[in-house]
Participant: 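To start, I am sharing the structure in question, which I have written as structure tokens.
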There are 4 protein chains.
Amino acid sequence: MGKKKGPKYNQIIEAAVTIIAKHGYHQAQVSKIAKEAGVADGTIYLYFKNKEDILTSLFEEKMGSFVGKIRDRITDDLSIEEKLLVLISMHFEQLQADKQLAIVTQLELRQSNTDLRLKINEILKGYLTLIDELLTEGKEKQFFKPNLDNRLARQMIFGTVDEIVTNWVMKDCKYDLLALAKPVHQMILSGFRV
Amino acid sequence: MGKKKGPKYNQIIEAAVTIIAKHGYHQAQVSKIAKEAGVADGTIYLYFKNKEDILTSLFEEKMGSFVGKIRDRITDDLSIEEKLLVLISMHFEQLQADKQLAIVTQLELRQSNTDLRLKINEILKGYLTLIDELLTEGKEKQFFKPNLDNRLARQMIFGTVDEIVTNWVMKDCKYDLLALAKPVHQMILSGFRV
Amino acid sequence: MGKKKGPKYNQIIEAAVTIIAKHGYHQAQVSKIAKEAGVADGTIYLYFKNKEDILTSLFEEKMGSFVGKIRDRITDDLSIEEKLLVLISMHFEQLQADKQLAIVTQLELRQSNTDLRLKINEILKGYLTLIDELLTEGKEKQFFKPNLDNRLARQMIFGTVDEIVTNWVMKDCKYDLLALAKPVHQMILSGFRV
Amino acid sequence: MGKKKGPKYNQIIEAAVTIIAKHGYHQAQVSKIAKEAGVADGTIYLYFKNKEDILTSLFEEKMGSFVGKIRDRITDDLSIEEKLLVLISMHFEQLQADKQLAIVTQLELRQSNTDLRLKINEILKGYLTLIDELLTEGKEKQFFKPNLDNRLARQMIFGTVDEIVTNWVMKDCKYDLLALAKPVHQMILSGFRV
DNA sequence: AATGAATGAGGTTTCATTCAT
DNA sequence: GATGAATGAAACCTCATTCAT
């Protein structure tokens, strides 16, 4: 079980996304995923330690590139405000680009047991760290309030965009998510007050 | 099954909260709940239609008054800003008051994929309506920006407080949640910017 | 548990017939019977040893009088052929008179476990004895073939009338059962052959 | 679940017959059947949809050919009387050939109240049709009385042989059932009368 | 490497019966 | 005698995982 790669590794992950999106978390049996991936049940276990490993790997693979792509776009030449807008926009853009994945991460994987959710949180840490960096930079450059609580601010950013994506998924992804990036960015930076 | 009778009804609900908080949603077998409640397995079914009915009732009993209590405190003599602070404070206060319950509602019950989620959404709907009312009032009284998007603002408020509570629960409720109400209120109203 | 009587004893038996006829053998719970009888569940056990005892008692009470009434009508002044006709006619007549009971004895009680069926057979013995007596008398009086096998002949009589009643019940008792007594009597006595 | 595969399918059916004959219908748990068949509980469900499917399949496999075999022996060169004798003889012969199966079909499976009874009736329908054909032929060829009522005559034949087999099973199959075919045939054709 | 038949642990719910009142 | 709340044993089926081929 050297983990990774071979084409089947990805086949199985894609199959898992498809099956979970289609049938829901609790109806995504290993045998269904194997069938969708075009491999035998047993083959799954040549590439993954167990079922949970499929799901965490799925999340790792998808979110690994998720954060990577955002970082790539947050270039040094941007102002801190622009960087935050890029983060929000890219968050929305990537999920809008793969609606099946959005269903899986926003709705289905959250039904998983607490253990799996802890691992997911582990993976999310890279994202939260990125947000923290932006916040620290913003305070250093005196664009943000000096007394801004990093942890709270991070939870506000993540909680807000996550809730917005979840609502979008629950409304069947039928409006333009990316278009919301600007007003959300505006609300976060400047608040509600006139 | 005339529902809500006797002390046993409450005993069983309390036992369910305890067991779910302790062992997690998927390890909360009826027999465990019965044992904790000090009744026989079969007795559960004199008071509840089935296992899901225990959970639904638990949520109803415990969270049914959640929104009501917040509404009661949002009196007419308060400014819109104060009202929003009351909403956030009461949200935190109520969950802080029963940490076991917070674990159950923030983490465990979300693993269900059944009627229970509909019930949870039902409760939430009342809460979201309340937020909407505050937003509309805020705009009318010109405390809030006239172009504030109600839906987005509502998702920001709810997403933020929910994320904060969830993080607090995952950190074993070991810091003062209520103390966060003011800075959160401040961030939402005035944003991050200096 | 002195068994018998008190008005409730009969109440419970009648309730059992009603409930079994209406809901079927496997859906005839003790609590349902108790409710129909207008007594508490526990009261059943003041009059019957257990559930099986209700059913055997039901059968005893109903079949006890069943055979008794037939015997009463088989008077000495009748020829053996007439006596056999009376037996068949009375068998049909009594079941036609109480269709609910017919459903219970022909269809529902036959779903009972083997133990109960053995007890039912015990009770049926009185009926089979009566048939045997007629057969013996018929041979003695040289109306019946001397080599007629009593056991087989008895099984033929009982098997035939029982099958005919069962078919009648399964066709919702919607034709005149008693009218079949004569042709059946004729077939049994004289056979099919011209 | 493509049905009917491998040796295990038959193993399980045979085990079901054995267990039901030995312990009775209501004490024939899936786990007991699995143990007797030498497979794991779960294996049962690779070959059968559910428990009832075991019983239905059992009946189909074992009794499906019952009528077919009788028909095969009722050749055109036989007189109508001989044909009736073949029918009775084959009925007895087939059940006598597998006493365990006779216990199962005459006593145990009749305790079911489900699709299984419908399946049993389905098989019976083919049998009853065959009897009807003989009766019609007998009347056409003027061996049987012209006023013979087909339905009653059919019920007499079936009721008689079924009752005789059931009695034989309840007496532990300890006498020769096939030997009874001739006297039964004689009784049915010529009746009791001298 | 790939297969897929086989495994077997585990949990909700029913209902006959009891017994304190 | 009468009640009815409480009991608790018992079983079908699913599905993640294994391992002989």
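Computed over heavy atoms, backbone and side chain alike; hydrogens, waters and symmetry mates excluded. Protein chains get the first letters and strands the later ones, always in sequence-line order, with residue 1 at the start of each.
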Participant: Go through the steps to decide whether B:Y9 and B:E61 satisfy the test side chain to side chain donor-acceptor pair (under 3.5 Å), and finish with yes or no.
Facilitator: CA-CA 11 Å; B:Y9 177 84; B:E61 295 286 334; 3.1 Å; yes
Participant: Tell me whether the OP1 or OP2 atom of E:dA6 has a side-chain N or O from D:Y47 closer than 4.0 Å.
Facilitator: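 Checking E:dA6 against D:Y47, a side-chain N or O does come within under 4.0 Å of OP1 or OP2.
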Participant: Which of the following nucleotides, F:dG4, E:dT3, F:dG1, is nearest to the side chain of C:L46?
Facilitator: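 When the side chain of C:L46 is considered, F:dG1 is the closest of F:dG4, E:dT3, F:dG1.
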Participant: Rounded to whole angstroms, how far apart are OH on B:Y9 and P on F:dA6?
Facilitator: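 Atom-to-atom, B:Y9 to F:dA6, this comes out as 15 Å.
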Participant: Say you draw a straight line from CD1 of B:I44 to CG of B:N50; how long is it, rounded to the nearest 0.5 Å?
Facilitator: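 One gets 11.5 Å once the value is rounded to the nearest 0.5 Å.
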Participant: Can B:Q29 and B:K32 be said to form a side chain to side chain donor-acceptor pair (under 3.5 Å), step by step?
Facilitator: CA-CA 5 Å; B:Q29 294 88 348; B:K32 243 181 224 163; 3.1 Å; yes
Participant: Nearest whole Å is fine: how far is E:dT12 P from B:I19 CD1?
Facilitator: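 Roughly 12 Å, once rounded to whole Å.
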Participant: Please compare A:V39 and C:D41 by the position of their nearest nucleotide in DNA chain E and report the one closer to 5'.
Facilitator: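 Between the two, 5'-proximity favours A:V39.
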Participant: Of all the base pairs, Watson-Crick or G-U under 3.5 Å, which form stems of three or more consecutive pairs involving DNA chain F?
Facilitator: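 The stems that DNA chain F takes part in, listed by first number, are E:2-21 with F:2-21.
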Participant: Quick one: is C:K51 getting a side-chain N or O under 4.0 Å of the E:dT17 phosphate, OP1 or OP2?
Facilitator: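 Negative; the distance criterion is not met.
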Participant: Under 4.0 Å: is that the gap between some side-chain N or O of B:K8 and OP1 or OP2 of F:dA5?
Facilitator: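 Checking B:K8 against F:dA5: no side-chain N or O falls below 4.0 Å of OP1 or OP2.
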Participant: Could you state the atom-to-atom distance from CG of D:N50 to C1' of F:dT14 in whole Å?
Facilitator: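 Going from D:N50 (CG) to F:dT14 (C1'), I get 13 Å.
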Participant: Rounded to whole angstrom units, what separation is found between the CD1 atom of A:I54 and the P atom of F:dA16?
Facilitator: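 After rounding, the gap between these two atoms is 9 Å.
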Participant: Without decimals, in angstroms, what is the distance between A:E52 CD and F:dA16 P?
Facilitator: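 It works out to 12 Å between those atoms.
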Participant: Could you tell me which non-hydrogen atom of B:L116 sits nearest to which non-hydrogen atom of B:E52, and how far apart they are?
Facilitator: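 Shortest heavy-atom contact: N-OE2, 3.9 Å.
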Participant: If you check the A:V30 side chain, which of E:dT12, F:dA6, F:dT17 turns out closest?
Facilitator: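 The nucleotide sitting nearest to the side chain is F:dT17.
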Participant: B:D53 CG to E:dT12 P: how many Å, rounded?
Facilitator: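 Those two atoms, CG and P, are 14 Å apart.
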Participant: Looking only at side chains, do C:D162 and C:Q106 share a donor and an acceptor under 3.5 Å apart?
Facilitator: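 The answer is yes; a qualifying pair exists.
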Participant: Go through it in stages, so that I can follow the logic: the residues are B:E108 and B:Q111, the test is side chain to side chain donor-acceptor pair (under 3.5 Å), and I'd like the CA-CA distance, side-chain angles, deciding distance and then a yes or no.
Facilitator: CA-CA 6 Å; B:E108 301 302 335; B:Q111 297 174 41; 2.9 Å; yes
Participant: Specify the residue among D:A40 and B:G42 whose closest nucleotide of DNA chain E lies further upstream toward the 5′ end.
Facilitator: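 On the 5' side of the pair lies D:A40.
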Participant: Is the distance from OP1 or OP2 of F:dA11 to the nearest side-chain N or O of D:S31 less than 4.0 Å?
Facilitator: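 Answer no for this pair, as no side-chain N or O of D:S31 is under 4.0 Å from OP1 or OP2.
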Participant: Nearest nucleotide by nearest heavy atom, which residue falls closer to the 5' end of DNA chain F, C:G38 or D:A28?
Facilitator: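 This one resolves to C:G38.
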Participant: Grab the NE2-C1' distance between B:H26 and E:dG10 for me, whole Å please.
Facilitator: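 Whole-Å distance recorded here is 15 Å.
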Participant: I need the CD1-P distance between D:I44 and F:dC13, as an integer number of Å.
Facilitator: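 It works out to 11 Å between those atoms.
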Participant: For the side chain of D:Y45, counting heavy atoms from C-beta on, which of F:dA9, E:dT17, F:dC12 is nearest?
Facilitator: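 Comparing F:dA9, E:dT17, F:dC12 against the side chain of D:Y45, the answer is F:dC12.
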Participant: Nearest heavy-atom pair of B:V169 and B:A102: which atoms, and what distance?
Facilitator: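 For B:V169 versus B:A102, the nearest heavy atoms are CG2-CB, 3.9 Å.
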Participant: Just by distance, do the side chain of A:R110 and the backbone of A:T105 share a donor-acceptor pair under 3.5 Å?
Facilitator: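 Yes; judged by distance alone, with no hydrogens or angles, the pair exists.
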Participant: Where the side chain of D:Q29 is concerned, which of E:dT3, F:dA5, F:dA11 is the nearest nucleotide?
Facilitator: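 My answer, after comparing the listed nucleotides, is F:dA11.
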